[in-house]
Amino acid sequence: MVTSLQKRKKKKRIAAIDLRIKAIILSLFVVSLSVTGQIVERPLPNTFNRSGGVRYARSQTSQTLATVNIPFWEDFSTSNLIPSVSKWSNSDNVRISNGLGRNAPTINVAVFDGVDVNGAPYDANSLINGATDSLVSQLIDLSTLGADQVDSVYLSFFWQLNGNGEIPDLEDSLVLQFKDALGQWQNVWSQVGGRENESDDFTQQLIQVPRNYFFDSFQFRFQSYSRLAGAFDTWLLDYIFLNDSRHANDIAHPDRALTRKPSFLIAPYSAMPTEQFFANPGRYLVETDAEFYNLNEFFQPIQFNTIVRETSGDTEIEILNNETIANPIPDGFERRTFTSPALNSNLLNVNADSLLLETTYFIRSGDNFLIEAIDPGVDTTFNQSVDYRLNDTVRVTTVIDDYLAYDDGDPDFAAGINQRGGQIAYAFFAEQRALLTHIDINFPFTQQAGEPIELLVWSDLDDNPESVLFQDSYSVIRPSSIGDLRAYALDTPVFVQDTFYIGFQQATNEFLAVGLDKNNDTGDKLFFNVSGDWRPNEFVRGSLMMRPRFDKEVADNFVPASQPSEVAPSVYPNPSNGRVFIAHSNIETLKVYDNWGTEGAYELTETTGGIYIDLSKNKKGIYLLKFSIGGDVFTKRIILNN
């Protein structure tokens, strides 16, 4: 006879074996990644503090609680980066994205991605599942509800797993919890991950709030459970509505919404240099579109408008749709794309130094405040805390200035490779010959600051050394915000025309992440090299926040360097552990500068055929050697790894 104690011991042995198997599988996965190398996606950190560092998660007890009343309505359409603190007590544990949801009810969704506010695993050394991201409501006063409302209080919300992120496993889950009068969290709904539960649409869920929760400090919480060490799982949440006078089949909302940003006025870019655009505007100007969704069960006449303004001068350029009637009339729960003709380039100022062209789509659908009561023939009572018109307008700005970009300026994810010597290249097209002066890159993780990289510009991705137009060493610059693009100036600007590539080579095996916009997919223009051969990207969907810039002031004052009489001597090794050799015996002057322009320490030792420079007294980083030979000045960036 098997005792209960024996059963428990057997279960523990099975659990231990299962844990060891998972550990082996995970280690093999990590080894596989480090050996093969490829472009992969990772979640972003959530927030930054004002001093430019990551804001770490706060405990719930340290946060300010406020009391709100029903109706509680949140569609995140007016949220920026994190949910509103007026509705949520721990708003920095999840983030807001307009690019990760697929077929969302409204613009912007809340993202549960299984990593903490710094973008790191909750416990990198753990192999078990546990609580990860959470979103907790403010205190909600339900104490005033009458006996006639006992069975009519419901909480509804829309959820989606994966979207444009990473799919949760079957062992992962998203849970809804209610806090009872004793302060204990009670599970009232849960959803597991897995491919079989993936959908291109959001699913609406209705949960009744029982009478025992009708007190003055009720709260609800969405809690995700996943592997504490990753891999990073994505749950999406939208359109949360808690109110009385509802019923079990109350899935319709008197709301018509726009669900994403409009497309850009040009393609494939979101931004172009002025000269490049006006060299051939007809090649780039395209129709635009925005997406509409009817959250109600009834058909609804809709009029939509599209206006283009130049925002720096507050000038209306063109009305592309003026009270255009959606034909046929949108049915209940219908999703539809509204389109507008291409902008007329003749209306643009060709002599402008730059243009900020804002495209606005807005609809007229009869949306208003939430109706609380109707007294036939007398009056209608509205609740102004719920304004269904907030999600009726969307905007995007197309920039005509001095850079090329595919992204919209808002990272939704991050992408990169995790192999020393690995390279990423991003293809662009210059309509006419232009002087490339900077490469702007968003490295969103503050812990990456100071990492050494080699920036490169290529005319072609082949084995010809002459295809490398520029190569030099830099350090990753600390971002001031998640979407901050930092400028890396090319010491020697280079001319580009037709197809060219910008990118970098990393010097460590650490994952080096670049911000990734999920709204516009230009993954076909992305290439990587981890084994000596360039390969097209097949893994990442979106647009890297990496841009070539053509600074007009630098270009206007650019004087091509004269050919030096001396050939630049070899400087090696690079990277270095502290000692560098310059292969020339007649060095006249020498200066060493760190990445901020401060002179660094060094010692010289002359030897046959050149000099040794000892930089070991300096900190790890990028250093610039500036030396002269026969009147010619040479510079060389050195990566110091000591």
Side-chain angles (χ1 to χ4, degrees), residues 68-81 83-88 96-98 101 103-110 156-158 202 204 237-243 245-246 250-262 288-309 311 316 319-327 329-340 358-374 379-397:
V68 298
N69 299 306
I70 58 172
F72 181 103
W73 179 70
E74 173 69 283
D75 76 337
F76 305 108
S77 62
T78 59
S79 299
N80 182 25
L81 192 61
S84 169
V85 294
S86 66
K87 297 177 182 177
W88 306 100
I96 301 302
S97 168
N98 65 71
N103 297 321
T106 64
I107 189 170
N108 292 346
V109 297
S156 62
F157 55 93
F158 287 77
F202 276 69
Q204 185 174 194
L237 198 64
D238 197 10
Y239 214 90
I240 302 162
F241 184 50
L242 171 65
N243 203 13
S245 303
R246 304 187 70 186
D250 187 20
I251 63 172
H253 305 270
D255 193 4
R256 276 64 51 170
L258 294 173
T259 65
R260 59 170 172 79
K261 291 181 180 180
T288 63
D289 59 69
E291 189 179 75
F292 156 87
Y293 182 57
N294 183 4
L295 285 93
N296 208 346
E297 59 187 323
F298 303 112
F299 68 85
Q300 179 68 35
I302 300 291
Q303 293 176 310
F304 67 97
N305 301 266
T306 314
I307 299 174
V308 178
R309 302 183 64 85
T311 58
E316 183 178 287
I319 299 176
L320 301 176
N321 277 296
N322 186 14
E323 304 295 343
T324 301
I325 298 174
N327 186 24
I329 295 175
D331 286 332
F333 304 121
E334 181 182 347
R335 188 177 299 274
R336 186 181 298 184
T337 298
F338 295 149
T339 61
S340 302
E358 180 187 74
T359 306
T360 301
Y361 274 74
F362 65 93
I363 58 174
R364 301 192 192 280
S365 61
D367 285 358
N368 207 325
F369 296 112
L370 173 68
I371 296 176
E372 280 202 341
I374 298 177
D379 197 11
T380 300
T381 303
F382 294 97
N383 189 313
Q384 296 190 17
S385 67
V386 178
D387 187 353
Y388 292 122
R389 295 168 294 188
L390 291 177
N391 51 37
D392 290 353
T393 302
V394 291
R395 296 181 173 88
V396 74
T397 298

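Values in this document were obtained by computation on a predicted structure and should not be read as measured data.
At least one donor-acceptor pair under 3.5 Å links the side chain of Thr106 to the backbone N or O of Asp75. For Glu358 (side chain) and Thr311 (main-chain N/O), no donor-acceptor pair under 3.5 Å exists by modelled atom type. Using modelled atom types, one side-chain atom of Lys87 and one backbone atom of Trp73 make a donor-acceptor pair closer than 3.5 Å. Using a distance-only test at 3.5 Å, with no hydrogens or angles considered, a donor-acceptor pair links the side chain of Arg335 to the main chain of Ala104. The backbone N or O of Glu323 lies less than 3.5 Å from a partner atom in the side chain of Asn305, making a donor-acceptor pair.
Going from atom OG1 of Thr397 over to atom CZ of Arg309 covers 12.0 Å, rounded to the nearest 0.5 Å. Residue Asp255 holds its CG atom at 11.0 Å from CG of Asn368, rounded to the nearest 0.5 Å. Interatomic distance, Phe338 CZ to Gln303 CD, rounded to the nearest 0.5 Å: 10.5 Å. Note that CD1 of Ile96 is 8.5 Å distant from CG of Leu81, once rounded to the nearest 0.5 Å. The structure places CD1 of Ile325 at 12.5 Å from CZ of Arg364, a figure rounded to the nearest 0.5 Å. If you take CZ on Phe304 and CD1 on Ile363, they are separated by 10.5 Å, rounding to the nearest 0.5 Å.
Listed here is the closest heavy atom pair of Phe202 and Pro105: CG-CD, 3.9 Å. Closest approach of Ser79 and Ser84 over heavy atoms only: OG-N, 4.0 Å. The nearest pair of heavy atoms linking Pro262 to Val396 is O-CG1, 3.5 Å. For Thr306 against Ser340, the heavy-atom pair with the smallest separation is OG1-OG, 2.7 Å. Residues Thr359 and Tyr361 come closest through the heavy atom pair CG2-CE1, 3.9 Å.
Note on ring orientation: taking the six-membered ring where Trp is involved, the planes of Tyr239 and Phe158 are perpendicular (angle over 60°, cut-offs 30° and 60°). Using cut-offs of 30° and 60° on the angle between ring planes, the pair Trp88 and Phe76 is parallel.
When the ring pair (Phe, Tyr, Trp, His ring centres under 6.0 Å) test is applied to Phe157, the partners found at least two apart in sequence or on another chain are Trp189, Phe222.
Pro71 places a side-chain heavy atom less than 4.5 Å from the side chain of Asn383. Residues Asp392 and Phe362 form no side-chain contact, since every pair of their non-hydrogen atoms from C-beta on lies 4.5 Å or further apart. Using a 4.5 Å heavy-atom cutoff, the side chains of Pro330 and Arg256 are not in contact.
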Run the side chain to side chain contact (heavy atoms under 4.5 Å, CB included) check on Ser245 and Glu372 step by step: do they pass? CA-CA 9 Å; Ser245 303; Glu372 280 202 341; over 6 Å; no
Begin from the C-alpha positions of Leu370 and Asn243 and carry the test side chain to side chain contact (heavy atoms under 4.5 Å, CB included) through to its verdict. CA-CA 11 Å; Leu370 173 68; Asn243 203 13; 4.0 Å; yes
Under the criterion side chain to side chain contact (heavy atoms under 4.5 Å, CB included), I'd like the reasoning laid out for Thr259 against Ile107: C-alpha separation, chi angles, the key distance, then a yes or no. CA-CA 4 Å; Thr259 65; Ile107 189 170; 5.7 Å; no
Check step by step if side chain to side chain contact (heavy atoms under 4.5 Å, CB included) holds for Thr360 and Arg395. CA-CA 5 Å; Thr360 301; Arg395 296 181 173 88; 3.4 Å; yes
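Each of Asn98, Asp289, Val394, Asn103 was checked for a side-chain contact (heavy atoms from CB on, under 4.5 Å) with Arg260, and the lone residue meeting it is Asp289.
In this structure, Asp367 does not pair ionically with Arg389, as no charged nitrogen and carboxylate oxygen lie closer than 4.0 Å.
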Give the table of side-chain donor-acceptor pairs shorter than 3.5 Å for residues 292-301, with sequence neighbours excluded, one pair per line with atom names and distance.
residue	atom	partner	partner atom	Å
Asn294	OD1	Asn296	N	2.9
Asn294	ND2	Phe298	O	2.9
Asn294	ND2	Asp331	O	3.0
Gln300	NE2	Ser365	O	2.7

